Amino acid sequence: ETGACLITKTDTNPFFVKMKEGALEGAAANGINLSTFAGKYDGDVETQVAAVETCIASGAKGILITPTDSRALAPVVTQAREAGLLVIALDTAFEPADTADATFATDNFKAGVLIGQWAKAKMGADAANAKIALLDLNASEISVDYQRDNGFLQGFGIDIKDPTDIGDEDDPRIVGNDVTNGSPDGGRQAMENLLQIDPEINLVYTINEPAAAGAYEALKAAGKEDGVLIVSVDGGCPGVKDIAGGVIGATSMQFPLLMASKGIEAISAFAADGTKPQNSEGLDFFNTGVELITDAPVDGVPSLTSEEGLNKCWG
Amino acid sequence: MTNPVVKASGIVKRYGHVTAIDHSDFELYPGEILAVIGDNGAGKSSIVKAICGATIPDEGEILIEGKKVNFTSPIDARDMGIEIVYQNLALSPALSIADNMFTGREIRKEGFLGKFLRMLDKPAMETFAREKLTELGLMTVQSIKQPVETLSGGQRQGVAVARAAAFATKFIIMDEPTAALGVKESRKVLELMKDVKARGIPIILISHNMPHVFEVADRIHVHRLGKRLCTIDPKDYTMSDAVAFMTGAKEPPAEITA
Amino acid sequence: MTNPVVKASGIVKRYGHVTAIDHSDFELYPGEILAVIGDNGAGKSSIVKAICGATIPDEGEILIEGKKVNFTSPIDARDMGIEIVYQNLALSPALSIADNMFTGREIRKEGFLGKFLRMLDKPAMETFAREKLTELGLMTVQSIKQPVETLSGGQRQGVAVARAAAFATKFIIMDEPTAALGVKESRKVLELMKDVKARGIPIILISHNMPHVFEVADRIHVHRLGKRLCTIDPKDYTMSDAVAFMTGAKEPPAEITA
Amino acid sequence: MSDATDKASEGQSFEQNLDQSAKEVAQFKVKNTSLLNRIQHLLHNNPTLVPVIVLVISLIAFGFIAGSKFFSAFNLSLILQQVSIIGILAAAQSLIIITAGIDLSVAAIMVLMSVVMGNLAVFMGVPSGLAILTGMAGGVGAGLMNGWFITKIKLPPFITTLGTWSIFYALLLWLSGAQSIRGQDIDANASFLKFFGQSFNIGGARITFSAILMVLVFVVLWYMLNKTAWGRHVYAIGDDKEAAEMSGIRTDRTLLSVYGLAGLVCAFAGWASIGRVGSISPQSFYEGNLDSITAVVIGGISLFGGRGSIMGALFGALIVGVFRSGLRLSGVDVLWQVFAIGWLIIIAVAIDQWIRRVSA
Amino acid sequence: MSDATDKASEGQSFEQNLDQSAKEVAQFKVKNTSLLNRIQHLLHNNPTLVPVIVLVISLIAFGFIAGSKFFSAFNLSLILQQVSIIGILAAAQSLIIITAGIDLSVAAIMVLMSVVMGNLAVFMGVPSGLAILTGMAGGVGAGLMNGWFITKIKLPPFITTLGTWSIFYALLLWLSGAQSIRGQDIDANASFLKFFGQSFNIGGARITFSAILMVLVFVVLWYMLNKTAWGRHVYAIGDDKEAAEMSGIRTDRTLLSVYGLAGLVCAFAGWASIGRVGSISPQSFYEGNLDSITAVVIGGISLFGGRGSIMGALFGALIVGVFRSGLRLSGVDVLWQVFAIGWLIIIAVAIDQWIRRVSA
Ligand SMILES: Nc1ncnc2c1ncn2[C@@H]1O[C@H](COP(=O)(O)OP(=O)(O)OP(=O)(O)O)[C@@H](O)[C@H]1O
Ligand SMILES: Nc1ncnc2c1ncn2[C@@H]1O[C@H](COP(=O)(O)OP(=O)(O)OP(=O)(O)O)[C@@H](O)[C@H]1O
Ligand SMILES: [Mg+2]
Ligand SMILES: [Mg+2]
């Protein structure tokens, strides 16, 4: 029986929980004995390193990993590959990407760009006077955080300066950044704070949909829920329902189940005859795709409705 | 002879290599003041702690009013009306004098406030506490709301003694109650003990003060090397005999050894 | 008259509403045993603590051997060779007897181990500690490695007294050193005090035990209501006079009040 | 027999004049009652005033730094509202810290109970009231579980609640599938869960019910701790558990009641958090434990137990809220906010210590 | 004068026979020395054996549950290696907990110093040795900063290190720009930083230098704590600070040295972590504080200070490592791993408590 490991960033984020479910299903179908591991929090390098080591020790054939730090995990992953394991990065690429044998990921920057473009088109002429609130993840600015944030701003047509830095922009339309820890209570508090700085905010970027839900509550409490656009990234089912319910204007949907099942297939193939997966053309990773979900489609940005989204959403 | 209030036999308590009580017996009779004397470290505190449940002996049997008891905590003893003045006093340092005096039997306000809101009647408790301290002659306590940790050593001891004397119904154990007290305050404690005895409540008094012991005790239990060496009647023996027995300078005559 | 070793004047210490020392004076002369007596809470412990830096007085001046001192911690006093037996003993409960006796002046092994690896010479410290306890007649301490918290009240006090007597070079303050001690052990402490005095080291003795005080003291400082009421010579006054002065039963004659 | 005379029941000879000794309680004239002196005494007798002073100072300071936006009635009421959940948790935490314990599981209990209420009311069709009652009972149960380990198995509170924190956290992830329950679903099926999210306006200030709940919780607990025998026992246990036991307090029973009550308060916080956050998210309040402990300590309650007033924790929570809000409004970058809050925690407590020392 | 006779310097009359009193040290025959009794005495005198026993039991248990994979020399050495960083942190934490303090900033100091070393050596061209020395000095400085607040400003250690934790954390995010330093870059410019990542094999086991460092740190600190005067002072301070001060220990100076030393140990942990992880990540070890405290408490060191052997923390760290590894290898779902670890913490400490109580 072929052994494989799935190492996710955390086991608390529904995104990774779904990824795990997808992987376990795929593993069962392919006759793979899958062990799962997770860090205790975003950025928990130590636990992921230990997990990779345990995988090597357990004689697994391959590892699926969402690296919690795209650089710091490189040495131990190299060890694993030297020990003959197939290593596939899911969701987040390593730096450089060829640290792993393959990467099955969403383009988080692209996901940001999509909602940025949508917001710009949706606001039309008002975009020039937009007042933007940016609700990010946390103070440590991990890659998902800056990629989504900067992608959104670029899509909206703002000069992002350093694409790996949050908050270095000087466009006057940006009211401010605040952190949410990706949870609704953080989203609400951050939104309240930014509203205090400028009550005229009319566009809100959020790191994920739970934060968006919290931001919406703050807007509602301030009686501003109608005039403000909220955009987000993830594509969890509650998020898609929030699109339908008018809470969120648009969100970029990712496909964790696809990443997981592709990953399992790749390991199964590798175990059978040693073939390694290929990247998408022109990219240094295999793109599992992003879809913009909105009930107010705009020209030039292809999108799905919330109804269509509900069939594809992952949680 | 009447039945003893407390009858303990064959009590043993060891801590690792250290033996604190070594097959000791103990009796307290109704209405008496029993003094327990002995060298430092002889095991006096240990044996009274075993009687009131503050330590659980390794071996032996304790009967209170003829019934076997197995206290697991001093609260069990207290519920039977046994009060103890511990050598280390057992006061809560940050609480006030009144709070300490009433722990576990606080006075509640009359009427609705007390019955339903369970509100404490602090003035009543403070008045009572002040009264008791005055009875002991502790006139230097300037504020009855002072936390106990700010009291002088003797003032603290006074609080512990007053508490025990006020609430006991079965018997009182006093472990060196006058050690830190002044001349006047010690005298008051001795008077208090006589009062308590007059109320019919027996007392176990541990003390190193021979004149005090010989003044108030009806019987003296001499403790030596973890066990009872003998019991003597203060009318039959002198202080120097007692001291000689307890320090091992003299062997007690066979008829009183136990 | 010779110059005093300690001369304190106008010392005041207040805690919120409570006055512990109220403009008190104090003197200790070379080679004497000075007894300090007074009611519980009179402020005896407070004034000696002020002298050795354990509390910092609000007002007043302290001279030691004629030089003004401003101790901020008892360590300053200790560095001058002043040792104190505190009423609450100041022992570290979880440490062994030997460790407690030597805190701050441990003995190190000879040679390389001691010099470079700074290794303690535990056997030497334990032998010394056992010797000192034996000198005090504390024969019931079964293991010298026992943590102090497992000792009986009197055994603990013995450890504190032995420590102070062994290391003092300037003077010793003893705050009720025999309170918890037995007859034999108290006697040994009194002998020890006489020895120390014979070595030329003066002692401040706080005690409620009048026979002890009158036996060893060269001079008696009577403390009342936070200040020195008078100083008496034990040869000129009886115990009952002293007790009467300290409890406020009698006014001392004008020539001895201070 | 040379000591025969000493046997006379009249005591030793030197005690003969004792009956003439003084009979009044000692009193001293205190001369200087300058203003400073009187303030010192006031603080000495009411140590809770210290965090109040720190709070006022920081309000004024941020009024200057962050400008009028900060000092508006609206913003001040917003701080109150933002603080309310952590404030309620801090009340539970205070109870436990006063007994010389510490509870690392308060936030996990809170979130777990909000998930329980939500699952029952939103997905399983249980009437909201019953769902809430179940959550409350669950909170008490979780608290009692902590208390049981601490009193019966004699585990240290720190390690117990470190363990149960993992346990509760795993349970809440399992129950929720790591997924949040949406605000709209709650509104549709169980709007009573959002009861504490309601608010009313007075003169520009918006007061939410959760803020009122917080104040109520503190007042009730303050009453219980200071005016009832139970409260005295709680302090005595925190002060010196062994002494408390020896002086007749049933320490185990009292501790159990404290942990159970704290669990109930956490469940209330969970209910209130649904109103505050608008949805139920298993990811919320992950650092709630540390935040609640911070509030308690800034409020002057000793981590060693037995000292400090629970009201301090309320002011402690408010101080943290004021710092956070003031820094955001002053436009400080998130990174430097973390930095500044570190300093401000230290400085706030240093001021507190300093004032206490001066007044000691 | 009626009491004239009492003035005789020969003492009171009843003391006349004292010179004949017994003169040997008390001794008792202890009859029953059954095996159980002797084991009890052994444990009583060597409480560190208790975590050792728990460790052995859990090793055996997981040997059964997780099978031969778990019990291989390789996996056991892997556990040692995985535990090494948290183990070193636990050594620093033990030092502080023995003084009745607690340090929430150990992990932040460690990561900050690894970032400092990395920045200097990799990006600024400073020779590795010098970069490491700077990091060490920084660790001492950070520790002294904690110690200064605690001794001079008299802040409680908990709140001090909660504050400095934020401060150090903000600094390390700032210094690193929240970016990790790549393993390749370290190899190219400053491979000495990875010194502790090296390893050698003995009979299937791979022993890394970081594991050796951990053991060394514990041995040295154990020696200092148990065989030198300084160590006795550290214990005395933790036991009762006021008594220690009164009996002549310069408590402030000793505490400062403890915090400085702990900072140095954290810096060593930082250096070792570079070798262990292979790169320098500002996000790693965010929960290192709690993990180190867990190890210390499971190792039987009292959070109230003054009691317990530092060696206990080593075994505590190993116990946690064994649990984690065993659960992982048994294929337990992550969620239920969290759940199980919660229970296992509680059960491990319960066993510890139980054995101690039996042997008391
Ligand atoms: N917890 C304990 N652990 C170890 N030994 C103990 C413990 N408690 C008491 N002992 C020992 O038991 C013996 C008896 O102690 P105990 O306190 O009963 O003496 P005592 O007669 O009351 O002495 P004192 O007059 O000094 O109060 C002493 O040698 C003491 O060291
Ligand atoms: N920290 C403190 N806070 C408030 N009051 C205090 C404090 N320390 C001492 N006092 C008060 O000061 C007075 C003097 O206390 P002190 O300990 O000096 O008495 P003492 O003469 O040594 O008595 P004893 O013979 O009982 O030991 C007492 O009334 C006591 O309550
Ligand atoms: Mg005793
Ligand atoms: Mg005194």
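Order of the sequence lines sets the chain letters (A, B, ...), proteins ahead of strands, with each chain counted from 1. Note that the structure is a prediction, hence the values are computed from the model and not measured.
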**Item:** Ionic contact status for C:Glu135 with C:Lys132, cut-off 4.0 Å
**Value:** yes

**Fill in**
Ranking C:Gln142, C:Lys44, C:Glu176 by heavy-atom pairs under 4.5 Å to chain B gives rank one to C:Gln142

**Item:** B:Thr19-B:Asp22 side chain donor-acceptor pair, cut-off 3.5 Å
**Value:** no

**Message:** What I want to check is whether the side chains of C:Gln146 and C:Ser96 have a donor and an acceptor closer together than 3.5 Å.
**Reply:** no

**Item:** Part of B:Val183 within contact of chain C (heavy atom distance under 4.5 Å)
**Value:** both

**Fill in**
Per-residue tally against chain B (heavy atom, under 4.5 Å) across C:Ser46, C:Ala42, C:Ala179 peaks at C:Ala179

**Prompt:** Side chain, backbone, both or neither: which part of C:Val243 has a heavy atom under 4.5 Å from chain B?
**Reply:** side chain

**Pairs of heavy atoms under 4.5 Å with chain C: top-ranked of B:Gln157, B:Met246, B:Gln87, B:Met210** = B:Gln87

**Prompt:** Are B:Lys250 and B:Asp241 within salt-bridge range, i.e. N to O under 4.0 Å?
**Reply:** yes

**Request:** Count the heavy-atom pairs under 4.5 Å between each of B:Ser152, B:Gly154, B:Gly182 and chain C, then report the option with the highest count.
**Result:** B:Gly182

**Message:** Check this for me: does any side-chain nitrogen of one of C:Glu126 and C:Lys122 sit under 4.0 Å from a carboxylate oxygen of the other?
**Reply:** no

